There are 4 protein chains.
Amino acid sequence: MRTFFLAFFLLFSASLLAQTSKVFDNLSVSSKILNMERKYAIYLPPGYETSERSYPVLYLLHGAGDDQTGWVQFGEVQLMADKAIAEGMATAMIIVMPDANTGRRGYFNSIKGDWLYEDFFFNELMPYIEKTYRIKGEKRFRAIAGLSMGGGGTFMYALHHPELFSSACPLSAATGPVSPADARSYFERWGDTGATDTEIEAYYRQHSALSLIENMPDDRKKAVRWYIDCGDDDFLYEGNSLVHIAMRKKEIPHEFRIRQGGHSWTYWRESLPAVLSFISDAFHQY
Amino acid sequence: MRTFFLAFFLLFSASLLAQTSKVFDNLSVSSKILNMERKYAIYLPPGYETSERSYPVLYLLHGAGDDQTGWVQFGEVQLMADKAIAEGMATAMIIVMPDANTGRRGYFNSIKGDWLYEDFFFNELMPYIEKTYRIKGEKRFRAIAGLSMGGGGTFMYALHHPELFSSACPLSAATGPVSPADARSYFERWGDTGATDTEIEAYYRQHSALSLIENMPDDRKKAVRWYIDCGDDDFLYEGNSLVHIAMRKKEIPHEFRIRQGGHSWTYWRESLPAVLSFISDAFHQY
Amino acid sequence: MRTFFLAFFLLFSASLLAQTSKVFDNLSVSSKILNMERKYAIYLPPGYETSERSYPVLYLLHGAGDDQTGWVQFGEVQLMADKAIAEGMATAMIIVMPDANTGRRGYFNSIKGDWLYEDFFFNELMPYIEKTYRIKGEKRFRAIAGLSMGGGGTFMYALHHPELFSSACPLSAATGPVSPADARSYFERWGDTGATDTEIEAYYRQHSALSLIENMPDDRKKAVRWYIDCGDDDFLYEGNSLVHIAMRKKEIPHEFRIRQGGHSWTYWRESLPAVLSFISDAFHQY
Amino acid sequence: MRTFFLAFFLLFSASLLAQTSKVFDNLSVSSKILNMERKYAIYLPPGYETSERSYPVLYLLHGAGDDQTGWVQFGEVQLMADKAIAEGMATAMIIVMPDANTGRRGYFNSIKGDWLYEDFFFNELMPYIEKTYRIKGEKRFRAIAGLSMGGGGTFMYALHHPELFSSACPLSAATGPVSPADARSYFERWGDTGATDTEIEAYYRQHSALSLIENMPDDRKKAVRWYIDCGDDDFLYEGNSLVHIAMRKKEIPHEFRIRQGGHSWTYWRESLPAVLSFISDAFHQY
């Protein structure tokens, strides 16, 4: 009998280790647009290496001050995703975490055109990733999420390209300037003082979540499934509360949560399982 | 051991029935101000009848369309409070549920003075209750909570009388008019068309949560502990979100929650344990 | 410390015993209509004796061969209801189990008028019960359920009086004759051979669930919430499956379940918690 | 003890990866009958690659609108089967998911003979699969299941070839035309208008679950173990309810379930574990 259990133990251990997910946190892709190598981290779900099937993909954006390793190290992305998949709360998916910090910080194109990260994201990173890994290329199998600055990236990317993402989950998001004057003050804080009013105005229209929501055409209002979450002690409470009001008034379907907490990894680790479950609902095609 | 248990059983069997909580849902108090009998329901915690101690009190207000039985039947107040007390999440307390529906609906004084419910509440009901039951009369042992119209009552009563309540928990609250013109439109909907601008203005200043928050003197900002909760699908989303923003800007400490759900008893039954626990923290910690 | 726990244990034990529900299974009510005493059993929820509040009511009908003690003895109604209430799956309610077996069996009025049980139920039993116990008298707080012959009673009572019941839950129900000829064969089996075609036809129209469903006026289709459940091995499979089809075609909202099992108390004990939870949803006013 | 574990780790690390299950979702087989390559997906259970044993097989059919990847992506077949096997609810088996969508949709032979999918299935796909993979070729180790259109395929294949399948599990199944006239209306909807009455009649007899059940010879009634499941909100409620009645009248043993739900992947993901367990009872118990 003991031998039997021993054999069972060995098979079971073997199976467990073999089924494990993998995380690489120091890969890179060559960018002509940014004229440099750009880092990314990637989570490959249990079974990726041995199966032949293809997978949905989540682009998961870090906040200011972190890089591609933020969600891996502080967000415990592997533990959280493995658990959510094992419990049937989320479907097996690939999670891509690009670096928007090294060299210069930010997910958007600058006015002067010396930092075209958004172009890099859509024209180089996404095509490279979806060609290199076994990823389903259709909108319904692609989601985006992120925290703080990466929540801002999530808002703007999904508002600019609703044809590419089935779900978007901005967490404790920077929702962008509330007026052109506010946008100018952003630039001045970044030492970028030479922009014309026209440039500022154009930038504002593309980088204010409120402005993009208010000007959204009716036929786009159900294009993306939204899950928006921001702690009641977070310093970004106002923008997120106003986005909730604006989306309700505009009748844009969205989930909105305010939980106990501030701008912290404790909050985001608690958000992540709900995000993985929410975006899987689109992958599952309920 | 058997003798031991038997002895206890015999010794204490006489007091067994007294240990249970009690709910009366059809009591009344005579009001000179309103010139009528007013109904109320009351929850007396386990042990109330046999102990000699006094208890903290929660005034728990129903919404429009319900009466004093609403929290008893739909809110399962007895089950919820018994459970929260048994699990140590809440301290034993008395819960008073007045009827603000019979005859005429509403928690506030009318402009014309023909419905002075708020006067009744503070000058007749509260004194009667706190004299009739063994209730601790100090602020720190008194809390107020309510839903919808009763959430509005909670806001206004605690904003008018911060010296009386240690905690206030408006749930899915009607936060009141957003301007004097809005207040006038309320009155007109109620068929109350003769009010002067001065009267409307005065009413507005007293019955708009936003106005009361914005004009709150600095030395009152920590007078009441707030727990505010409203579902992301609730039709009252805007007022509550704006209260959150106004309180944050004014630096009034408060807990704020937006959970999944609408304007429903399912939502409020889920809120109630957190409310009982939150208000108990004031009872406990002073 | 040990003394502390001992005291706690005693208080807790006391509280548990005092909060217990009560079942009486041999009460009776005097019937002029039936010219006899009629038995009933009743379940009073935890807290009934010490609270002063009023409660919703469920009329729970036994099957042929049982009497008012069937649900108590074989259905474990006390255990099931206590558990459902404690877990928050059901609201505290009173459960009334009348005897439709003693003397003569059946829930309906006979053609000859020598057994007017349905008249007794609505004109004597219900008024007596709702006056004697603290029961809320409104439709939304009244439900009916039953098994086999009592499932037939549930169908007919709720189809005859949709103004009286918010929910109806026929379990493994006898759905009644499928044609007047079938109705006549019922009577002949019961030794009732003298009925005219007109009498049979009238009886049929009132005691066939299919006929009552097919002839239901549109404005009654949402009057009652239905939960219908019948095992895949039950001999009454056909009538229940046809009721499901008829209700779907007629667009009468209903829950329908076929689970593993036959015409047995094992099946009904598994049904009961779902029934208690389902009817509580109406009491709760979701 | 540490040495003990270390030894195991070293000894068995080489075979770790082989213990995982595998899913291929883009394989194909060449069909002379259909004159094209036909896609299929396959699940190989944990241990398939390193063991030398052979396995039972389940043919798992997708619904209209999906293809061979449906059960992989939306049905989470790998997660579900791995879990059911690990928990001992199901035995290790191979699951084959053929594509009946590409080029032309459907599991049956057309009247005109221009789409002989059923011939392909039995004469080309099944022999190819059972030769290519280590599959036990006996009836008791072969099962069939499917959803919607694939539930229809499951009914017809198992009713046509009870000598080939020990278990059949139609989920939310299309049960086929209810009369020859109904069959003709199917063809006309598909633009197939030239069929003679004799052809239609023959087609009807072979593709109506009700007709096949009613005409089943007595000695075949226990040939296949049936597990039939359809949600109470499914638009296919009528055919499945009538099949239940017909099988009961004909005394064909079968499990029948109606659970809460509609025609959705949520429903089918909940069905799948029961299906895997049910068919394993045949694999296990002979």
Side-chain angles (χ1 to χ4, degrees), chain A residues 89 151 167-175 178 182 209-210 213-214 221-222 225-263 267 270-271 273-279 281 286, chain B residues 89 151 167-175 178 182 209-210 213-214 221-222 224-263 267 270-271 273-279 281:
Chain A
M89 300 295 289
S167 302
C169 309
L171 307 176
S172 310
T175 52
V178 297
D182 191 24
L210 284 170
I213 289 163
E214 278 151 21
K221 292 199 309 195
K222 297 187 179 174
R225 301 166 68 252
W226 292 94
Y227 184 93
I228 306 168
D229 184 3
C230 179
D232 68 343
D233 299 326
D234 196 300
F235 67 92
L236 295 168
Y237 67 96
E238 187 173 14
N240 285 280
S241 297
L242 294 176
V243 159
H244 175 46
I245 293 173
M247 284 187 158
R248 285 292 304 266
K249 285 187 186 299
K250 186 88 178 181
E251 296 183 356
I252 299 170
H254 66 292
E255 297 295 318
F256 187 60
R257 302 286 183 276
I258 293 191
R259 294 180 293 109
Q260 161 62 26
H263 205 77
Y267 196 86
E270 290 170 2
S271 306
V275 166
L276 297 176
S277 174
F278 177 81
I279 65 176
D281 286 350
Y286 277 94
Chain B
M89 300 296 288
S167 301
C169 310
L171 307 176
S172 310
T175 53
V178 297
D182 191 23
L210 285 170
I213 288 162
E214 278 152 19
K221 292 199 309 195
K222 297 187 180 175
V224 176
R225 302 167 67 252
W226 291 94
Y227 183 93
I228 306 167
D229 185 5
C230 180
D232 67 342
D233 299 326
D234 197 299
F235 67 92
L236 295 168
Y237 67 96
E238 187 174 15
N240 285 280
S241 297
L242 293 176
V243 160
H244 175 47
I245 294 173
M247 284 188 158
R248 286 292 306 266
K249 285 188 186 299
K250 187 84 178 183
E251 297 183 356
I252 298 171
H254 65 292
E255 297 295 318
F256 187 58
R257 301 287 182 275
I258 292 190
R259 295 180 291 110
Q260 161 63 25
H263 204 75
Y267 196 86
E270 290 170 1
S271 306
V275 166
L276 296 175
S277 174
F278 177 80
I279 66 178
D281 287 348

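When reading the values below, keep in mind they use all heavy atoms of this one structure, side chains included, and skip hydrogens, waters and symmetry mates. Every chain is numbered from 1 and lettered A, B, ... according to where its sequence line falls, protein lines coming before strand lines. Since the model is a prediction, treat every value here as computed from it, not as a measurement.
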Trainee: Count the heavy atoms belonging to other residues, nucleotides or ligands that lie under 6.0 Å from NZ of Lys250(A), then report whether that count exceeds 12.
Mentor: yes
Trainee: If you count heavy-atom pairs under 4.5 Å between each of His244(A), His254(A), Arg259(A) and chain B, which one has the most?
Mentor: His244(A)
Trainee: Distance check, rounded to the nearest 0.5 Å: Gln260(A) atom CD versus Tyr227(B) atom OH?
Mentor: 9.0 Å
Trainee: For each of Ser241(B), Gly231(B), Cys230(B), tally heavy-atom pairs with chain A at distances under 4.5 Å, and name the one with the top tally.
Mentor: Ser241(B)
Trainee: Taking Glu238(B), Arg257(B), Arg248(B) one by one, which has the highest count of heavy-atom pairs under 4.5 Å against chain A?
Mentor: Arg248(B)
Trainee: Start with the C-alpha distance between Ile245(A) and Leu242(B), add both sets of side-chain angles, then the distance that settles side chain to side chain contact (heavy atoms under 4.5 Å, CB included), and finish with yes or no.
Mentor: CA-CA 9 Å; Ile245(A) 293 173; Leu242(B) 293 176; 3.7 Å; yes
Trainee: Drop me the distance from Asp233(B)'s CG to Glu255(A)'s CD, to the nearest 0.5 angstrom.
Mentor: 6.0 Å
